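Here, residue 1 is the first one in the sequence, and each next residue gets the next number. The analysis underlying the following values was restricted to heavy atoms, covering all of them including side chains, and did not include hydrogens, waters or symmetry mates. Keep in mind it's a predicted model, so treat the numbers as computed, not measured.
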Amino acid sequence: MITVWGRRSSANVQKVLWTLAELELPFNRESVGGSFGGNHDADFLRMNPNALVPVIRDGDVTMFESNAIVRYLSARYGDGLLRPSDHRALALAEQWMEWQQSTFMPAVVTLFFNRVRLADDKRDAAAAAQAERNAIAALKIADDHLSRHDWFAGPAFSFAEIVMGCMFHRYMGIDGTKPDVPHVMEWYEALKEREGFRQWVMVPVAHNPAEWTRIERELG
């Protein structure tokens, strides 16, 4: 059985848990990282010397990096389901997965830390304002694509929706100005119809460090 190391509140861990749910794969999970600690223990560092979650073990495969894990699981267990078999759809799925990581995610992470995770006296208002502008610009690009496609990969749901969906849900929970992106919002509503998204991604939202720690502990 697959084992996942990582806390449920982590968006990167949520990518893996949602993927496992879509593939209907049984797994065990260990709460590691954040307020749970354990990610600097020797046993964990042997699996991931970066001391970050998630990590998975699937038989003789142990690996880290959330997007790589999603790709691996999709290729081994969901080829043609989460990993498109058509080369054009696969190209789109791969492209938007990378775009999420390089373009949208940095803005969301900066917003998240400066409006949720950090104490007030540690926050950088200027960095948050710029990140807000960057996120809005990125989402307008995504909205244009989704005006012509049902999903990021084109006609069908794919692993690109998983990585983008986790980060977009995190973004929607952060206070601030949101753009008018009707096609992205239609896509978001479609994600909410998926059981795996509701179970593993639509978790309570925090607005300050104390709330974040409480929710993290409650989720496990």
Side-chain angles (χ1 to χ4, degrees), residues 1-41 43-45 47-48 50-58 62-70 73-74 82 100-101 104-120 122-123 135 159 161-176 178 188-220:
M1 182 178 292
I2 295 170
T3 300
V4 180
W5 286 265
R7 63 195 188 280
R8 281 193 59 191
S9 58
S10 164
N12 285 331
V13 175
Q14 289 167 7
K15 296 176 191 176
V16 175
L17 300 178
W18 183 12
T19 299
L20 291 166
E22 290 285 344
L23 298 173
E24 299 182 348
L25 294 172
F27 64 92
N28 296 314
R29 185 180 61 84
E30 301 288 339
S31 295
V32 175
S35 63
F36 295 97
N39 51 311
H40 291 279
D41 293 351
D43 287 346
F44 187 86
L45 290 174
M47 296 187 294
N48 185 1
N50 302 294
L52 297 172
V53 295
V55 170
I56 71 161
R57 178 174 293 149
D58 178 24
T62 300
M63 64 183 299
F64 52 85
E65 293 296 336
S66 59
N67 280 12
I69 293 170
V70 170
L73 292 171
S74 298
L82 295 183
Q100 175 272 335
Q101 192 82 353
F104 185 57
M105 180 177 172
V108 177
V109 170
T110 299
L111 278 171
F112 179 62
F113 273 89
N114 285 288
R115 291 187 176 168
V116 178
R117 287 293 299 272
L118 296 175
D120 289 346
K122 302 291 186 183
R123 295 181 183 184
F159 55 56
E161 326 305 327
I162 290 176
V163 297
M164 185 60 185
C166 289
M167 199 52 54
F168 185 74
H169 183 72
R170 174 62 52 86
Y171 168 78
M172 290 298 291
I174 302 171
D175 293 336
K178 299 296 190 289
Y188 185 45
E189 291 302 314
L191 295 185
K192 294 178 183 178
E193 298 299 315
R194 306 188 79 88
E195 183 178 351
F197 184 79
R198 293 195 303 269
Q199 180 179 3
W200 296 111
V201 184
M202 295 183 68
V203 299
V205 174
H207 296 92
N208 57 61
E211 282 187 4
W212 175 257
T213 300
R214 175 181 59 78
I215 289 171
E216 180 177 79
R217 297 299 300 184
E218 289 175 353
L219 289 173

Check: [Y] and [X] side chains under 4.5 Å, non-hydrogen atoms:
| X | Y | result |
| --- | --- | --- |
| Thr19 | Glu22 | no |
| Val163 | Ser66 | no |
| Ile215 | Val203 | no |
| Phe64 | Met47 | no |
| Glu30 | Val55 | no |
| Leu191 | Glu161 | yes |

*Going by the side chain to side chain contact (heavy atoms under 4.5 Å, CB included) test, name the single residue among Asp58, Val16, Val53 that passes it with Val4.*
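Running side chain to side chain contact (heavy atoms under 4.5 Å, CB included) over Asp58, Val16, Val53 with Val4 returns exactly one hit, Val16.
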
*Is the centre of the Phe36 ring less than 6.0 Å from the centre of the Trp5 ring?*
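They do not qualify: ring centres at least 6.0 Å apart.
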
*Distance-minimising heavy-atom pair for Phe44 and Asn39*: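 Where Phe44 meets Asn39 most closely, the heavy atoms are CD2-O, 3.2 Å.
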
*Closest heavy-atom contact between His40 and Leu45?*
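His40 and Leu45 have their closest heavy atoms at O-CD1, 3.3 Å.
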
Atom [atom1] in [X], atom [atom2] in [Y]: separation rounded to 0.5 Å?
| X | Y | atom1 | atom2 | result |
| --- | --- | --- | --- | --- |
| Tyr171 | Met164 | OH | CE | 9.5 Å |
| Leu73 | Ile56 | CG | CD1 | 4.5 Å |
| Ile69 | Met63 | CD1 | CE | 5.5 Å |
| Met105 | Thr110 | CE | OG1 | 10.0 Å |
| Gln101 | Asn12 | CD | CG | 7.0 Å |

*Which class fits the ring pair Tyr188 and His169: parallel under 30°, tilted 30 to 60°, perpendicular over 60°?*
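If you compare the ring of Tyr188 with that of His169, the planes turn out tilted.
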
